[in-house]
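Indexing begins at 1, ligand by ligand and atom by atom, following the structure's order. In this chain, residues are counted from 1 in sequence order.
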Amino acid sequence: MTVGVRMTRSSVHKPADRRNKSIVGGKGHTGGYKIEDSDGRHAGGHKIEDSDDKVFYRAEKLDSFSNLGKKGRNLRSDPMKGNTRFERGKENDSDLSHWRMRTADPSKNAGRERRYLVKGRKEWDKNVNVDKKSRSSNVRLFTGKPYTGMRRVVDGDASNYVQSNGGFSRGKERSMKTEASAGKIRFKRRRVDGGLDKKGNGDDAEEEELEKQGVDGKNQISEQKPVSHPTRVLDKTGKMMRVQYKSVKDGSTETIASKKKNRRVIKIDPYDFSNKRLDDGVPKSDVAVGEEIAVNKDIAAQKETMLSMNAQFRAIQPSDEILSFVEDNLLGRRRLIELRNAGYNVKLSAPLDNIPFSMSTDREKMEENVFRNHLDFFAAAKISSSFPPPTLPEIAFAGRSNVGKSSLLNALTRQWGVVRTSDKPGLTQTINFFKLASKLCLVDLPGYGFAYAKEEVKESWEELVKEFVSTRVGLQRVCLLIDTKWGMKARDFELIELMERSKTPYQIVLTKTDMVFPIDVARRAMQIQENLKKRKSIVDPVVMVSSKSGAGIRNLRSVLAKIARFVKP
Ligand SMILES: Nc1nc2c(ncn2[C@@H]2O[C@H](COP(=O)(O)OP(=O)(O)OP(=O)(O)O)[C@@H](O)[C@H]2O)c(=O)[nH]1
Ligand SMILES: [Mg+2]
């Protein structure tokens, strides 16, 4: 026999001649269903009015509740599944039926729930007057996830209990729940699981037990035990949430101090070497703990320094000269409309340095001409002995890997592709020599710092670069490229020191200015200018360029072209 109160209740309310009925979805059926008896005769439908039938329908719903939404859909929308039988009683064997809710008045919601069963969504307005609330419940029934929370209402009369597994609305029933009834239900559940079946009449046994517990048959409470509810409250700081327990007694609430969880203390026998945890880590000595604290302090101090460095950078006030230069040359991240208005053809991919010549002064036009010559690659060197003879004035481009050295050579000469570039740091691995007619030699140096290459290889590049910038005869200028976003790093300073010692003239070029805001370009230029103020071999000013937008390139051309004109090899 199936165990469960639901089974007991349904058999109480179901007329004997209506047992073994089944729900049938007919072909072409648009929403409802009819009920047949075992001989296939029509035994009900949505128009049945009498109270027995209501109860019967309610019983039907309770049986098939867990599949109701699915059934409703199948019945409505899948004509291919016509005449599918959904046998009532199948669900009674499921665990769900053991946990269904009981309501005090079986006929109270019968009408509404009958609609749930009988009518499809499209059928609502046709035969039944439905108020808005019920209607929305119905929609939810077919479209939403069914409410599966357990609610129990007890009116004290066990003979009237009917089970339900919750329905969709949270109505009066919930407020009717008392502590006593909660206790009763808890007891009831135990009985359902345990001795109900054995005793045959679960209700009698239950009532006996309830009486023992002090709950009489009319739901009067002879003794109330305070039950505590967890409540979340904000901490004094207003941030943390603590859990407090409120006890409910005689309608008044009283707060109990938050309960601390007792942590399980694991005792480890220090002499028990079979315990793996002891072998896992070396116990920390006082020295080790001290070191750890020191390291943590270091990290905190570093963070503070980083923050203050950022703050310091933001506090830099660029000179008017630098600010106006940034504005005039459209340096920094700009909107396309700004570039277009300034005469740039924004449709060109790179470089955008295509301002018509009429905008340049005569002098600038003349100076730029050297960069109009064809750029020819003529030598590459991995070691100093393979450097070509210094027959031309040379301008070298040095800097960290990926800073944009090769791109700048292309931008200066407008000959994209002659010098190979890559977004992967470490592409240029040899010193590459390029001729601009017989007037100037541009030298592309390998980068230093992070690169996709072995450590020893990177060290050899760095040595080669250092040797080149400090010993090369005919080297007129080193353009030291600095990423505007990141500024100068330790290796840049190292190279500067070297060039200072060897008295090699160098000039700072800020690259990728299109990646930061104009004000930050100006701040970076100002910062570098201030930091390197006392150096002797530096050539002013700090030049700012973007090989991508072409901003500042023309200015750099005019600065470098002087070398070609005035220096004789
Ligand atoms: N947004 C922006 N990207 C740039 C600029 N200049 C170069 N790049 C990009 O930066 C990446 C590196 O450029 P390269 O010219 O190869 O850099 P490099 O300094 O020669 O690098 P190595 O040869 O590895 O030392 C490429 O993806 C370029 O497209 C610039 O002005 N703006
Ligand atoms: Mg390169």
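Residue-to-ligand polar distances place V403 within reach of ligand 1: an N/O pair is separated by less than 3.5 Å. Residue S406 has at least one N or O atom closer than 3.5 Å to an N or O atom of ligand 1. Residue S407 has at least one nitrogen or oxygen atom sitting less than 3.5 Å from a nitrogen or oxygen atom of ligand 1, judged on distance alone. Residue contacts with ligand 1: G404 is placed with a nitrogen or oxygen under 3.5 Å of a nitrogen or oxygen of the ligand (distance criterion only). An N or O contact shorter than 3.5 Å links K512 to ligand 1 by distance.
Using a 4.5 Å heavy-atom cutoff, the side chains of F387 and F468 are in contact. In this structure, the side chains of L409 and T413 stay at 4.5 Å or more apart for every pair of heavy atoms.
Proximity to S546 (heavy-atom distance under 4.0 Å) selects the following atoms of ligand 1: 31 (O). Set against the non-hydrogen atoms of M515, the atoms of ligand 1 under 4.0 Å away are 1 (N). Close approach to N402 involves these atoms of ligand 1, each under 4.0 Å from a residue heavy atom: 11 (C), 12 (C), 17 (O), 18 (P), 19 (O), 21 (O), 22 (P), 24 (O), 25 (O).
T513 and T484 are not linked by any side-chain donor-acceptor pair at a separation below 3.5 angstrom, with hydrogens and angles left out of the test. Residues E494 and Y448 bring no donor and acceptor atom of their side chains to less than 3.5 Å of each other. Side-chain atoms of D483 and T511 form no donor-acceptor pair, as typed in the model, at a separation below 3.5 Å.
For atom 26 (C) of ligand 1, the closest heavy atom belonging to the protein is S422 O, 3.5 Å. Of the protein's heavy atoms, T428 OG1, 2.7 Å lies nearest to atom 23 (O) of ligand 1. Closest to atom 18 (P) of ligand 1, if we only count protein heavy atoms, is K405 N, 3.6 Å. Scanning the protein heavy atoms around atom 24 (O) of ligand 1, the nearest turns out to be G426 N, 2.6 Å.
A distance-only check finds no donor-acceptor pair linking the side chain of T430 to the backbone of N432 [under 3.5 Å]. With hydrogens and angles ignored, the 3.5 Å screen pairs a side-chain donor or acceptor of Q507 with a backbone N or O of P541.
Within a 6.0 Å radius of CZ in R420, other residues, nucleotides and ligands contribute 12 heavy atoms or fewer.
Heavy-atom distances between D514 and ligand 1 reach below 4.0 Å in at least one pair. Within the 4.0 Å heavy-atom shell around ligand 1 one does not find G399.
Within the cation-pi definition used here (under 6.0 Å to the ring centroid, within 45° of the axis), R554 does not qualify as a partner of F371. Geometric assessment of K435 against the ring of F378 yields a positive cation-pi assignment under the 6.0 Å and 45° thresholds.
With a 4.0 Å heavy-atom cut-off, ligand 1 is reached by no atom of R420.
Among the atoms of S406, an N, O or S atom falls under 2.8 Å of the Mg ion (ligand 2). Under 2.8 Å from the Mg ion (ligand 2) lies an N/O/S atom of T428, whether from backbone or side chain.
Within a 4.0 Å radius of atom 1 (N) of ligand 1, the protein contributes one or more non-hydrogen atoms.
Residue S547 holds the heavy atom nearest to atom 31 (O) of ligand 1 of all those in G447, S547, S401.
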